[in-house]
Chemist: 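Structure provided below as structure tokens; questions to follow.
Throughout, residue positions are numbered sequentially from 1 according to the sequence presented. Keep in mind that the numbers below use all heavy atoms, side chains included, and drop hydrogens, waters and symmetry copies.
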Amino acid sequence: MLNMNFAERIVIDTESMSWLASPARGVWRKPLEREEAESGHTTSIVRYEAGSQFKTHPHPMGEEILVLDGVFSDQYGDYPAGTYIRNPPGSSHAPFSKQGCTILVKLNQFDARDSATVRIDTSKQQWLAGQGGLEVMPLHNFEHEHVALVKWPVGERFQPHKHFGGEEIFVLSGEFRDEHGHYPQGSWIRSPHMSEHFPFVEQQTIIWVKTGHLPLG
């Protein structure tokens, strides 16, 4: 098991991590949280070399992907950088990449009732006005779980707030900050249920953020 104590705040600079080999040739990964070696609850950064592929495999409790660079593909289509993907519980696919890609991937973390299949090219989606000077791009909602991209303008500060059901952040560009530290591009932050912080930025910053999905106890 790796980082499976959800009452613990975790911060990882994924850019400084080494790549580890996966069972598929040419596919590498950086594990962030993992229940079992090759099954169960998992969050990882995964890199496909050009021409690499994974065999067809199932997603018993769903799969969530954000394409960070390159083009990710499966038998259903090609997904360029910026694409957000949700494959529901019970789905399966055979992923590959012709030119190579890097993805953030979360496995086996869905509510069994969350059956939506999602494909969003965020490069073509409109930003919506959020609180203060923030811009928000909603990606998925299910009961207490909310997933979005959030764009922070230079110098933006957000009011202190608590995270019901926790919060998970991946910094896509710029540098995210709060009273606990500063988090450059590639940082992954997981904060537990009812944790609190006072976030701000000094430069324009874009984050992927998910709230309300972590255990309450």
Chemist: How many angstroms lie between atom OH of Y183 and atom CD1 of I189, to the nearest 0.5 angstrom?
Modeler: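 Rounded to the nearest 0.5 Å, the OH-CD1 separation comes out at 5.5 Å.
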Chemist: Tell me if the CZ atom of R119 is crowded by more than 12 foreign heavy atoms within 6.0 Å.
Modeler: yes
Chemist: Verify the cluster assignment for V209 and W188: are they in a single hydrophobic cluster under the rule of side-chain heavy atoms below 4.5 Å apart?
Modeler: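 Shared cluster, no.
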Chemist: To the nearest 0.5 Å, what is the distance between CG (D178) and CD (E196)?
Modeler: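 Spacing of CG (D178) from CD (E196) equals 11.0 Å.
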Chemist: Who passes side-chain contact (heavy atoms from CB on, under 4.5 Å) against S52, sequence neighbours left out?
Modeler: V27, Y48, E49
Chemist: Quick one: ring pair (Phe, Tyr, Trp, His ring centres under 6.0 Å) partners of H213, sequence neighbours excluded?
Modeler: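 In terms of ring pair (Phe, Tyr, Trp, His ring centres under 6.0 Å), with neighbours along the sequence ignored, H213 is linked to no residue.
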Chemist: So, using ring pair (Phe, Tyr, Trp, His ring centres under 6.0 Å) as the criterion, who are the partners of H161 when residues are at least two apart?
Modeler: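 Scan of H161 (ring pair (Phe, Tyr, Trp, His ring centres under 6.0 Å), adjacent residues dropped) gives F158, H163, H197.
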Chemist: If we only count heavy atoms from C-beta on, is the W127 to I206 side-chain gap below 4.5 Å?
Modeler: yes
Chemist: Is it the case that the side chain of S123 and the backbone of D121 share a donor-acceptor pair, with hydrogens and angles ignored and the cut-off at 3.5 Å?
Modeler: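 A pair under 3.5 Å: no.
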Chemist: Just so I know, are the side chains of L149 and Y84 near enough to count as touching, which here means a heavy-atom distance under 4.5 Å?
Modeler: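 SC-SC contact between L149 and Y84 ruled out.
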Chemist: Which heavy atom of S191 sits nearest to which heavy atom of R9, and what is that distance?
Modeler: OG-NE, 3.9 Å
Chemist: One pair to check against side chain to side chain contact (heavy atoms under 4.5 Å, CB included): L214 and H193. What are the steps and the verdict?
Modeler: CA-CA 7 Å; L214 297 178; H193 172 59; 5.7 Å; no
Chemist: Once rounded to the nearest 0.5 Å, what's the spacing between atom CG of L68 and atom OG1 of T102?
Modeler: 6.5 Å
Chemist: Among the clusters formed by ILVMFWY side chains lying less than 4.5 Å apart, do F170 and V118 turn up in the same one?
Modeler: yes
Chemist: To the nearest 0.5 Å, tell me how far E33 CD sits from M4 CE.
Modeler: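 Rounded to the nearest 0.5 Å, the CD-CE separation comes to 6.5 Å.
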Chemist: With a 4.5 Å heavy-atom cut-off, do L134 and E156 have their side chains touching?
Modeler: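 Contact flag for L134/E156 side chains = yes.
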Chemist: May I ask you to check whether F110 and H140 place their ring centers less than 6.0 Å from one another?
Modeler: no
Chemist: Are the aromatic rings of H59 and H57 close, with centres under 6.0 Å apart?
Modeler: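 Yes; H57 has its ring centre under 6.0 Å from that of H59.
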Chemist: Take W208 and L139 through the test side chain to side chain contact (heavy atoms under 4.5 Å, CB included) and record every step on the way to the result.
Modeler: CA-CA 10 Å; W208 172 92; L139 300 175; 4.1 Å; yes
Chemist: Once you round to the nearest 0.5 Å, how far does OG1 of T122 lie from CE of M137?
Modeler: 5.5 Å
Chemist: Roughly how far apart are L66 CG and Y79 OH, rounded to 0.5 Å?
Modeler: 14.0 Å
Chemist: Compare every heavy atom of A94 with every heavy atom of Q75, then report the nearest pair and how far apart it is.
Modeler: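 Residues Q75 and A94, closest heavy atoms: OE1-N, 2.9 Å.
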Chemist: Given the rule that I, L, V, M, F, W and Y join up when any side-chain heavy atoms are under 4.5 Å apart, are I65 and Y76 in one cluster?
Modeler: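 Per the 4.5 Å side-chain linkage, I65 and Y76 are co-clustered.
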Chemist: Might you point out which heavy atoms bring V201 and W152 nearest each other, and give the distance in Å?
Modeler: CG2-CB, 3.7 Å
Chemist: Show the nearest heavy-atom pair for residues K106 and E168, with the distance to one decimal.
Modeler: NZ-OE2, 2.7 Å
Chemist: Kindly give the heavy-atom pair with the smallest separation between R86 and D114, and that separation in Å.
Modeler: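 The answer is NH2-OD2, 2.9 Å.
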Chemist: Does a side-chain heavy-atom distance below 4.5 Å link V71 with C101?
Modeler: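 When only atoms from C-beta onward are counted, C101 and V71 do not touch, as no gap falls below 4.5 Å.
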Chemist: Any donor-acceptor pair under 3.5 Å linking the side chain of E175 with the backbone of T205?
Modeler: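 Here the side-chain-to-backbone pair does not exist.
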Chemist: Taking the side chain as every heavy atom from C-beta outward, state whether S73 and F96 have any pair of such atoms under 4.5 Å apart.
Modeler: yes
Chemist: State yes or no: are the ring centers of H144 and F164 separated by less than 6.0 Å?
Modeler: yes
Chemist: Please determine whether side chain to side chain contact (heavy atoms under 4.5 Å, CB included) holds for the pair L32 and L2, giving the CA-CA distance in whole Å, both sets of side-chain angles, and the decisive distance to 0.1 Å.
Modeler: CA-CA 7 Å; L32 306 179; L2 173 68; over 6 Å; no
Chemist: So which of R177, H182, R157 actually passes side-chain contact (heavy atoms from CB on, under 4.5 Å) with E202?
Modeler: R177
Chemist: Show your working on side chain to side chain contact (heavy atoms under 4.5 Å, CB included) between F142 and V147 and close with a plain yes or no.
Modeler: CA-CA 9 Å; F142 182 81; V147 188; over 6 Å; no
Chemist: Applying side-chain hydrogen bond (donor to acceptor under 3.5 Å, both in side chains), run through N108 and H41 and close with a yes or a no.
Modeler: CA-CA 5 Å; N108 297 313; H41 180 120; over 6 Å; no
Chemist: Identify whether F198 and I169 are in the same connected component of the hydrophobic contact network (ILVMFWY, side-chain heavy atoms under 4.5 Å).
Modeler: no
Chemist: Linking I/L/V/M/F/W/Y whenever any side-chain heavy atoms sit under 4.5 Å apart, do I12 and W28 land together?
Modeler: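 As far as the 4.5 Å side-chain criterion goes, W28 and I12 are connected within one cluster.
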Chemist: Could you check whether any side-chain heavy atom of E145 comes within less than 4.5 Å of a side-chain heavy atom of D111, counting everything from C-beta outward?
Modeler: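 No, their side chains stay 4.5 Å or more apart.
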Chemist: Which heavy atom of Q53 sits nearest a heavy atom of A24, and at what distance?
Modeler: O-CB, 3.5 Å
Chemist: Report yes if the side chains of L104 and T14 come closer than 4.5 Å at any heavy-atom pair, otherwise no.
Modeler: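 They are not in side-chain contact.
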